[in-house]
Amino acid sequence: MGMAASQARFLGLTARKTNVEYEGQQINQQRTTLSNQSANYYNQLLGMSVPVPPSVSDYTKTVYSFQDGSMNCNITSLTAQKGGTYLVSYTSSWTDDFSAVSAGSSIITRSGSDSAYKYSIGAKELRELNDYETDTDFTKEYSENYTSVTIDNKKYSLTKSDEGTGKDVVKYTYNDGTSEKTIYVDNTGKCYKDANKQNVIDNATAKKTATITKYSGNDEYLKSLSSDNLNKLMQEEEEYIKVLNEKYGEGTWLVRYLQN
């Protein structure tokens with residue numbers, strides 16, 4: 001009985017030892033698995049990029065635009081040319097800020113030929129600034145003597161001379177900014193360097209002061225003005241032209257008035 005009990009106890013201890021060894025192997029196996037997972041996580045961490053917010057350029061489109069007076073212009077294409085210049089294509093629109101309901105855009109259109117272009121904003125045709133000489137909607141009275149002369153696109157005030165004049169011409173003087181000059185003008189506004197009408201000044205045109213007495217056109221704003229206000233407006237437009245030419249260079253300027 002003693003030997004049998006001892007043998008049973010030995011077998012129990014052996015089984016327990018074997019089980020402990022097995023549990024140790026399982027723990028080591030789990031440690032190896034955890035070590036492999038840790039290495040994988042570390043490698044993934046090394047390959048990760050720093051998170052950044054999305055770029056504005058991913059959700060926007062760059063459009064270059066500029067303003068030309070009251071016109072909003074968006075550039076659609078730029079084509080390089082010789083000499084460092086570019087051929088620019090753009091669309092233009094006018095914001096109708098006078099609208100009683102809401103502001104919108106009207107397309108600017110051009111019609112006519114190269115020699116007589118007409119520009120319109122919506123259905124409203126634009127008028128050339130200070131173009132009273134050829135505009136038949138204005139009834140005008142002119143002064144007896146010439147009061148200004150335009151030479152090479154520069155305007156000067158004329159003063160009638162008290163001295164004798166030549167054949168069919170009147171002697172005037174003007175100051176070109178450096179000295180007093182003499183000029184002779186016939187009854188058509190043609191200018192000469194001498195009293196005998198031998199030397200014509202081709203680049204000069206004399207004008208008389210015009211006084212507007214009536215407006216008979218369809219412009220609602222101009223129809224609302226008195227004769228005095230129309231003449232003041234004519235003088236203001238002349239000043240507008242000077243400012244525009246000084247800022248942007250010589251050109252033809254168009255205008256549209258609104259009846260408030």
Side-chain angles (χ1 to χ4, degrees), residues 69 112-119 125-219 221-223 225-257:
S113 60
D114 291 342
S115 59
Y117 277 129
K118 294 182 179 179
Y119 292 85
E125 183 178 331
L126 303 182
R127 181 177 65 83
E128 185 175 340
L129 197 62
N130 204 242
D131 185 28
Y132 294 98
E133 296 295 329
T134 61
D135 197 331
T136 57
D137 289 337
F138 295 92
T139 304
K140 302 170 283 290
E141 291 183 354
Y142 293 92
S143 58
E144 180 181 354
N145 300 311
Y146 289 97
T147 55
S148 66
V149 63
T150 302
I151 304 175
D152 291 330
N153 294 323
K154 294 183 178 180
K155 189 175 181 180
Y156 306 99
S157 298
L158 288 176
T159 301
K160 185 178 179 181
S161 176
D162 294 331
E163 301 177 10
T165 58
K167 182 181 180 181
D168 300 327
V169 294
V170 177
K171 183 179 180 181
Y172 293 89
T173 59
Y174 69 94
N175 194 312
D176 64 355
T178 57
S179 62
E180 197 78 13
K181 304 289 185 180
T182 300
I183 195 171
Y184 297 86
V185 185
D186 64 13
N187 56 4
T188 65
K190 201 169 185 179
C191 302
Y192 303 88
K193 294 181 180 179
D194 58 272
N196 295 321
K197 302 170 65 173
Q198 297 296 319
N199 297 309
V200 180
I201 306 176
D202 294 326
N203 56 346
T205 303
K207 288 186 177 182
K208 296 179 179 180
T209 299
T211 301
I212 301 174
T213 59
K214 185 180 179 182
Y215 174 74
S216 57
N218 297 319
D219 191 294
Y221 173 69
L222 296 178
K223 286 166 62 175
L225 300 181
S226 64
S227 176
D228 289 341
N229 288 333
L230 285 171
N231 286 284
K232 291 179 180 178
L233 181 63
M234 180 176 63
Q235 296 174 6
E236 290 176 359
E237 288 188 0
E238 189 172 343
E239 294 300 320
Y240 293 157
I241 292 177
K242 290 180 181 179
V243 174
L244 290 168
N245 287 339
E246 289 176 359
K247 186 171 183 179
Y248 301 106
E250 299 291 334
T252 300
W253 306 99
L254 305 178
V255 64
R256 179 187 69 163
Y257 291 109

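Quick note: numbers below take in every heavy atom, side chains included, and nothing from hydrogens, waters or symmetry partners. Numbering starts at 1 and runs along the sequence shown.
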Practice item. With rounding to the nearest 0.5 Å, note down the distance linking CG in Leu230 to CG in Leu222. Key: 6.5 Å

Review point. With sequence neighbours excluded, what pairs up with Tyr174 under the ring-ring contact (aromatic ring centres under 6.0 Å, His included) test?
Key: Tyr156

**Study point:** side-chain hydrogen bond (donor to acceptor under 3.5 Å, both in side chains) against Asp152, all qualifying residues, sequence neighbours excluded
**Key:** Asn203

Check your understanding: Distance from Thr211 atom OG1 to Tyr142 atom OH, nearest 0.5 Å?
Key -> 10.0 Å

Point to revise | All side-chain hydrogen bond (donor to acceptor under 3.5 Å, both in side chains) counterparts of Asp137, not counting sequence neighbours | key: none

Exercise for review: Check side chain to side chain contact (heavy atoms under 4.5 Å, CB included) between Ser226 and all other residues, then give those that pass, not counting sequence neighbours.
Suggested key: Asp228, Asn229

Practice item. Could you list the residues that satisfy side-chain hydrogen bond (donor to acceptor under 3.5 Å, both in side chains) with Thr136, not counting sequence neighbours? Key: none

Check your understanding: Looking at residues at least two apart in the chain, or sitting in another chain, which of them share a salt bridge (charged side-chain N to carboxylate O under 4.0 Å, His left out) with Lys247?
Key -> none

Point to revise | Results of salt bridge (charged side-chain N to carboxylate O under 4.0 Å, His left out) for Lys190 - residues two or more places apart only | key: none

Point to revise | Atom NZ of Lys232 with >12 non-hydrogen neighbours under 6.0 angstrom | key: no

Check your understanding: Sequence neighbours excluded, which residues qualify as ring-ring contact (aromatic ring centres under 6.0 Å, His included) partners of Phe138?
Key -> Tyr132, Tyr215

Point to revise | Under the salt bridge (charged side-chain N to carboxylate O under 4.0 Å, His left out) test, residues paired with Glu239 that sit two or more places apart | key: Lys242

Review point. So, Thr213 side chain and Thr139 main chain: donor-acceptor pair closer than 3.5 Å or not?
Key: yes

Check your understanding: Listed by chain and number, what are the side chain to side chain contact (heavy atoms under 4.5 Å, CB included) partners of Glu236, not counting sequence neighbours?
Key -> Leu233, Tyr240

**Study point:** Under the salt bridge (charged side-chain N to carboxylate O under 4.0 Å, His left out) test, residues paired with Glu238 that sit two or more places apart
**Key:** Lys155

Practice item. List for me each residue that meets side-chain hydrogen bond (donor to acceptor under 3.5 Å, both in side chains) alongside Thr159, sequence neighbours excluded, and say none if there are none. Key: none

